[in-house]
**Q** 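Supplied in structure tokens, the structure appears directly below.
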Amino acid sequence: MSQHVFKRAGFLAATVGVAGLLGAGAASAHVTANVYGPQPTKGGYAAIVFRVPSEEKAPVTTTKVTVDFKADYGIGSVRTKPLPGWTADVVKSKLPAPITKDNGTQITEAVTAVTWTAQPGSELKATDYQEFSVSFGPLPTNVDQVEFPAHQTYSDGKVVDWNQPTPAGAEEPEHPAPAVKLAAKAEEGDAHGNMAGTASTTGEHTEAAATSDSTARWLGGAGLLVGAIGLGVGAGATIRARKATAKSGGNS
């Protein structure tokens, strides 16, 4: 195959790669709900990360993000992960009628919103995105996915609502509501056990990664030490061989 053909193939691959990256950027340029770990189960607890990109042109920045929790989900507990430069406010509302969970617990008030507000200097610029982490539950058991309409406030007063549902089999709307699919309810283990397992997933991954990294560093250091010892032994053997040769030559 000629060098010209190789050049054309490389150019084509690069073009396809750039197009793929641009397409991925366009598709992901909205507020999304992401799960880093096991899929949340119906009736269990979830750890979700809301990813928010800032889309307005400079000097406009994102100053506030609000995520709605539907009251009929009956989410009784929400915890937010501390985020430097941002404050989080959890809003609970009285329910018109109690919601009875599978374990018999009655929810009389539920979380209906979480709002993150940027402190001065921490606003999201046009090239920035931020991730807002929450753990919450118990999740409803009568839906296959949970939706979280979001509202993004900019420094010029503009508010973008990410609240459009995506019909099954249809194209994604312009401002889709962040959503997470729920797995079938686990037959064993209670909801709080699921929360502990799910909510600590990120920490477990971090700890595992740290352990793996430490092990790799230890093995790498040990390898360097063994290599250094080997070089020293080899150098010593070479010097002794030269001395022996020189002595032999002097005695001949």
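No experiment lies behind these values; they were computed from the predicted model shown. If you read the sequence from its start, that first residue is 1, and numbering goes on from there.
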**Q** Does Leu124 reach the side chain of Tyr129, with side-chain heavy atoms less than 4.5 Å apart?
**A** no
**Q** Is there a side-chain contact (heavy atoms from CB on, under 4.5 Å) between Asn34 and Ile48 once you walk through the steps?
**A** CA-CA 6 Å; Asn34 305 281; Ile48 292 178; over 6 Å; no
**Q** Within the 4.5 Å heavy-atom criterion, are Val31 and Gln152 side-chain neighbours or not?
**A** yes
**Q** Of all the heavy-atom pairs spanning Leu139 and Thr41, show the shortest one and how long it is.
**A** CD1-O, 3.3 Å
**Q** Backbone N or O of Pro138 within a donor-acceptor pair of the Lys101 side chain at under 3.5 Å?
**A**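 Present.
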**Q** For a quick test of reading the model, state the closest non-hydrogen atom pair linking Thr66 to Ala113 and the distance between them.
**A**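 Scanning both residues, the minimum pair turns out to be CG2-CB, 4.3 Å.
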**Q** If you measure from OG1 on Thr62 to NZ on Lys158, what distance do you get to the nearest 0.5 Å?
**A** 10.0 Å
**Q** If only atom types and distance count, is the side chain of Ser155 paired as donor or acceptor with the main-chain N or O of Thr61 below 3.5 Å?
**A** yes
**Q** Taking the side chain as everything from C-beta on, heavy atoms only, tell me whether Thr108 gets closer than 4.5 Å to Lys94.
**A** yes
**Q** I'd like to know if the side chain of Asp161 reaches the main chain of Asn163, judged simply by a donor and an acceptor atom lying under 3.5 Å from each other, with no hydrogens or angles considered.
**A**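 The answer is no, because no donor-acceptor pair under 3.5 Å joins these two groups.
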**Q** Can any side-chain N or O of Tyr73 pair as donor or acceptor with the backbone N or O of Glu147 at less than 3.5 Å?
**A**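 Yes, the answer is positive, given that a donor and an acceptor are paired below the 3.5 Å cut-off.
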**Q** I'd like to know if Val111 and Val134 are part of one continuous hydrophobic network [Ile/Leu/Val/Met/Phe/Trp/Tyr, side-chain heavy atoms within less than 4.5 Å].
**A**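 Val134 and Val111: one cluster.
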**Q** If you take all heavy atoms of Gly74 and Ile99, which pair is closest and at what distance?
**A**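 Smallest interatomic distance, heavy atoms only, reads CA-CD1, 3.8 Å.
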**Q** With rounding to the nearest 0.5 angstrom, report the CG to OG distance, Leu83 to Ser133.
**A**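 Between atom CG of Leu83 and atom OG of Ser133 there are 8.0 Å.
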**Q** Is the backbone of Pro173 close enough, under 3.5 Å, to the side chain of Gln164 for a donor and an acceptor to pair up by distance?
**A**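 No, the answer is negative, given that no donor and acceptor are paired below the 3.5 Å cut-off.
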**Q** Determine whether Ile107 and Leu95 make a side-chain contact, defined as any pair of heavy atoms from C-beta on separated by less than 4.5 Å.
**A** yes
**Q** Without swapping roles, check the side chain of Tyr45 against the backbone of Ser77 for a donor-acceptor pair under 3.5 Å.
**A** no
**Q** Is the shortest heavy-atom distance from the side chain of Val114 to the side chain of Val78 under 4.5 Å?
**A** yes
**Q** Going by the rule side chain to side chain contact (heavy atoms under 4.5 Å, CB included), which residues pair with Asp144 if we only count those two or more places apart in sequence or in a different chain?
**A** Lys42
**Q** Check whether any side-chain heavy atom of Thr115 sits under 4.5 Å from a side-chain heavy atom of Val91, and report yes or no.
**A** no
**Q** Are the side chains of Trp116 and Asp89 in contact, using a 4.5 Å heavy-atom criterion?
**A**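 Counting from C-beta outward, Asp89 and Trp116 never come under 4.5 Å.
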**Q** Indicate yes or no: at least one non-hydrogen side-chain atom of Pro178 is less than 4.5 angstrom from one of Thr32.
**A** no
**Q** Can you give me the closest heavy-atom contact between Ser54 and Tyr154, atom names plus distance?
**A** OG-CE2, 3.7 Å
**Q** Does the pair His151 and Asp68 meet the rule for a side-chain contact (heavy atoms from CB on, under 4.5 Å), with working shown?
**A** CA-CA 8 Å; His151 315 281; Asp68 292 338; 2.6 Å; yes
**Q** Would the distance check show the side chain of Gln130 and the main-chain N or O of Arg51 forming a donor-acceptor pair, the cut-off being under 3.5 Å?
**A** no
**Q** Where the side chain of Lys181 meets the backbone of Pro40, is there a donor-acceptor pair that is under 3.5 Å apart?
**A** no
**Q** Are Trp162 and Phe148 an aromatic pair by the rule of ring centers under 6.0 Å?
**A**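 Centroid distance Trp162-Phe148: not below 6.0 Å, so no.
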**Q** Kindly assign one of parallel, tilted or perpendicular to the pair Phe50 and Phe69, based on the angle between their ring planes and the thresholds 30° and 60°.
**A** perpendicular
**Q** Do Thr166 and Glu172 get their side chains close enough for a donor-acceptor pair, meaning under 3.5 Å?
**A**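 The criterion, which ignores hydrogens and geometry beyond distance, is not satisfied for Glu172 and Thr166.
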**Q** Could you walk me through whether Glu131 and Tyr36 satisfy the side chain to side chain donor-acceptor pair (under 3.5 Å) test, starting with their C-alpha distance in whole Å, then the side-chain angles of each, then the deciding distance to 0.1 Å, before giving a yes or no?
**A** CA-CA 12 Å; Glu131 292 186 329; Tyr36 300 150; 2.8 Å; yes
